[in-house]
Amino acid sequence: YKGTDNKNFELYGASPSPKYPSEIKTVGNDINEFDKNSVEFEDGYYSTSGDFTESALTNHTNNYTEIKENTDYIISGIKRHSGYNYPSIYAVYFYDSSKNWLGRTGIFYQSDTAPIDKWIEYTFKTPSNCKYLRFQCQKNEVNLDLDTIKLQKGTVATSYSPYRTR
């Protein structure tokens, strides 16, 4: 095409350059969407209707995590266990784009008396109109290690990676 105006490419393509910068994001299904630095510690729990109830039990509840509707996700991590037979209660709460309560997953339990660390995984599908989620687990003698939690798209857990990386 030398010497003509007929070019077989886009002169200013979508690729980032100093003249045409664009944000480069990590892509793929194994990106960790859980930001452990956003975790808030609250004395209480959220009911099935989304109301917060104060309680002597301390729960980890992270801030709103933006997610996609009608999408499979998996939460994985290590449950630390001290040998006491306390249940670890985990739940995922769903919210719309205005952060109005949509519902939650069924609560699931991990309970035993063996003083060992256990790998846990929980899969769920986000509902229609869902824009955000929050994650909660009971904090007592049995803890989910925040340094090992990974929230990712899909139904198969991959090895741990820090927030927003593969």
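Only a predicted model underlies this, so the values are computations on that prediction, with no experimental measurement involved.
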Pair F94-T105, side-chain contact (heavy atoms from CB on, under 4.5 Å): steps then yes or no
CA-CA 8 Å; F94 303 114; T105 62; 3.5 Å; yes
Contacts of D96 meeting side chain to side chain donor-acceptor pair (under 3.5 Å) (sequence neighbours excluded), chain-then-number -> N100
Listed partners of N37 passing side chain to side chain donor-acceptor pair (under 3.5 Å), at least two apart:
none
Checking T65 against L151 for the side-chain contact (heavy atoms from CB on, under 4.5 Å) test, could you report, in this order, the C-alpha distance in whole Å, the side-chain angles of both residues, the deciding distance, and whether it holds?
CA-CA 10 Å; T65 299; L151 169 67; 4.1 Å; yes
Using distance alone, with no hydrogens and no angle criterion, decide if S128 and N70 have a side-chain donor and acceptor under 3.5 Å apart.
yes
Determine, for E69 against K131, whether the closest basic-nitrogen to carboxylate-oxygen distance falls under 4.0 angstrom.
no
Salt-bridge test for R164 and E33: reply yes if a basic N is under 4.0 Å from a carboxylate O, no otherwise.
yes
Would you please name every residue forming a side-chain contact (heavy atoms from CB on, under 4.5 Å) with [X], sequence neighbours left out?
X: F52; answer: E42, Y46, E54
X: S49; answer: S47, D51
X: T71; answer: K68, Y73, T126, K153

Going by heavy atoms in the side chains, are [X] and [Y] under 4.5 Å from each other?
X: N63; Y: D35; answer: no
X: I74; Y: V156; answer: no
X: I75; Y: V92; answer: yes
X: Y160; Y: I149; answer: no

Could you tell me how the ring of W101 sits relative to the ring of Y93: parallel (under 30°), tilted (30 to 60°) or perpendicular (over 60°)?
tilted
Polar side-chain atom of D72 near backbone of K125 as donor-acceptor pair, under 3.5 Å:
no
With L133, which of Y95, F124, Y64 fulfils side chain to side chain contact (heavy atoms under 4.5 Å, CB included)?
F124
Ring centroids only, cut at 6.0 angstrom: are F34 and Y163 within range, meaning strictly under it?
no
Write down the atom of I31, the atom of K150, and the distance for their closest heavy-atom approach.
C-CE, 4.4 Å
Counterpart residues, salt bridge (Lys or Arg N to Asp or Glu O under 4.0 Å), relative to K99 (two or more places apart)
none
Distance from C130 atom SG to L102 atom CG, nearest 0.5 Å?
5.5 Å
Spatial distance of atom OH (Y132) from atom OG (S97) [nearest 0.5 Å]:
7.0 Å
